[in-house]
Amino acid sequence: MLFGKAGVDADRDEANASLDRKLRDLLVERYGDSIVSDFIATIPGSWPDVIPLMLSHKSVRGYTSEPLPAGTLEILMAAGQSAATSGNMQTVSVVATTDRAAILRLADASQRQAFIETCPLFLSFIADLSRAERVGYRIGVDLFALPLTESFLTAAIDCGIFAQNVVVAAESIGLGTCYIGGLRNKPDVVAEELNLPQGAIALFGLCIGYPDKHKLTDIRPRVPQHVAVHREKYSVADEEAALSHYDEISARHEVRQKRTVPAWRLRHRDRFANRVYLAEREQLKDGILGRGFPLK
Ligand SMILES: Cc1cc2nc3c(=O)[nH]c(=O)nc-3n(C[C@H](O)[C@H](O)[C@H](O)COP(=O)(O)O)c2cc1C
């Protein structure tokens with residue numbers, strides 16, 4: 001048990017103890033402090049290694065030049081393709097870029113985020129209805145649902161699910177990752193770089209490589225679980241107080257990382273009310289339409 005169990009089966013407790021302690025520490029790190037101790041105390045037993053692996057996630061923004069072992073891309077892609085996919089339509093494509101000059105160009109198109117240039121492998125995740133269109137053409141069927149918003153959305157959802165399997169697989173073998181939403185800034189530039197046909201759009205990138213230990217950060221705390229996870233019915237009771245407390249937790253975290261970012265609630269201003277930050281993404285709908293998704 002997380003907080004000790006009197007008497008019974010001491011050997012098993014001993015065997016489980018390290019995982020449990022690790023899990024408890026990870027939960028405290030993930031949520032920031034004692035605010036979670038009540039719910040931690042309700043979690044019994046020990047859990048398989050994949051759970052602490054997932055709870056250990058942190059984005060990595062700096063990589064060593066160490067090459068990835070042979071077979072890494074193939075294994076990561078198999079993990080991604082093993083994810084659930086809407087109707088088994090598999091409307092996801094990935095372009096894997098290892099060429100330094102090409103990664104530089106993709107970094108340039110992604111708000112020039114310098115750390116991207118250090119990764120040995122850059123994956124672009126493509127919502128891809130072009131394959132379905134080609135299949136439809138070959139089997140002689142008018143796939144009239146392809147232009148629907150629904151079809152774009154399912155491809156986008158599948159991209160996220162595929163990618164997160166890749167992230168978990170990569171982290172399980174000691175690699176670091178960072179998603180790159182900046183790839184949506186210039187859909188046409190990216191499409192040309194990757195040779196995408198109409199009906200295919202890069203939704204986000206993913207840097208993969210061995211973490212540069214000097215650039216590592218701590219686990220970034222999340223909002224208290226009861227703010228994001230609702231039991232039976234959605235409720236905002238206690239949200240204000242909980243988020244105010246989370247502001248303190250996240251501010252302390254950012255100071256420890258030597259980052260000068262405002263408290264979490266104020267970051268909404270930077271993210272959702274800042275035209276400079278949004279850059280070209282204010283026009284993203286036009287970009288999506290232009291890539292051949294009518295969003296009907
Ligand atoms: C779809 C998506 C796009 C993202 N784009 C970027 C990006 O362009 N640059 C960046 O530094 N981080 C990016 N991130 C990483 C988030 O900033 C990060 O996940 C978040 O701050 C939480 O930190 P953590 O991943 O370390 O827990 C992105 C994350 C997601 C899911």
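All figures in this text were calculated on a predicted structure; none of them were measured in a lab. Start at 1 and go down the list; that is how both ligands and their atoms are numbered. In this chain, numbering begins with 1 at the start of the sequence shown. The figures here come from the full heavy-atom set of this structure, side chains too, leaving out hydrogens, waters and symmetry mates.
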| request: Check whether any N or O atom of H57, backbone or side chain, sits under 3.5 Å from an N or O atom of ligand 1, and answer yes or no. | output: yes
| query | Counting distance only, does the side-chain N/O of E282 pair as donor-acceptor with the main-chain N or O of A279 below 3.5 Å? | reply | no
| task | Would you mind listing which atoms of ligand 1 come within a distance below 4.0 Å of any non-hydrogen atom of C178? | result | 10 (C), 11 (O), 12 (N)
| Min N/O separation Q113 to ligand 1 under 3.5 Å | yes
| Pair listing, salt bridge (charged side-chain N to carboxylate O under 4.0 Å, His left out) test, anchored in residues 256-266, at least two apart | D218-R256, E240-R265, D247-R265, E254-R259
| Residues in ring-ring contact (aromatic ring centres under 6.0 Å, His included) contact with F152, at least two apart in sequence or another chain | F293
| query | Linking I/L/V/M/F/W/Y whenever any side-chain heavy atoms sit under 4.5 Å apart, do I126 and V189 land together? | reply | no
| query | Quick one: which ligand 1 atoms are inside 4.0 Å of a heavy atom on F115? | reply | 11 (O)
| query | Which residue and non-hydrogen atom of the protein lie closest to atom 7 (C) of ligand 1, and at what distance in Å? | reply | Y179 O, 3.4 Å
| task | Under 4.0 Å from a heavy atom of G182: give me the atoms of ligand 1 that qualify, with their elements. | result | 8 (O)
| Should N274 and R269 be marked as a side chain to side chain donor-acceptor pair (under 3.5 Å) after you check the CA-CA gap, both sets of side-chain angles, and the distance that decides it? | CA-CA 7 Å; N274 180 345; R269 177 196 59 195; over 6 Å; no
| N/O of R220 under 3.5 Å from N/O of ligand 1, yes or no? | yes
| query | By number and element, which atoms of ligand 1 are closer than 4.0 Å to a non-hydrogen atom of R61? | reply | 10 (C), 11 (O), 12 (N), 15 (C), 16 (C), 17 (O), 18 (C)
| said: Give me the residue, atom name and distance of the protein heavy atom closest to atom 26 (O) of ligand 1. | reply: S59 N, 2.8 Å
| remark: Checking heavy atoms under 4.0 Å, the part of R222 that sits near ligand 1 is side chain
| query | In terms of atom number and element, which parts of ligand 1 are under 4.0 angstrom from non-hydrogen atoms of G181? | reply | 3 (C), 4 (C), 5 (N), 6 (C), 7 (C), 8 (O)
| query | T85 side chain to Q90 main-chain N or O, any donor-acceptor pair under 3.5 Å? | reply | yes
| request: Check the pair Y277 / R271 against side chain to side chain donor-acceptor pair (under 3.5 Å), numbers first and verdict last. | output: CA-CA 7 Å; Y277 175 82; R271 179 82 212 210; 2.9 Å; yes
| query | Given the side-chain rings of Y63 and Y210, with only the six-membered ring counted for Trp, is the space between their centroids under 6.0 Å? | reply | no
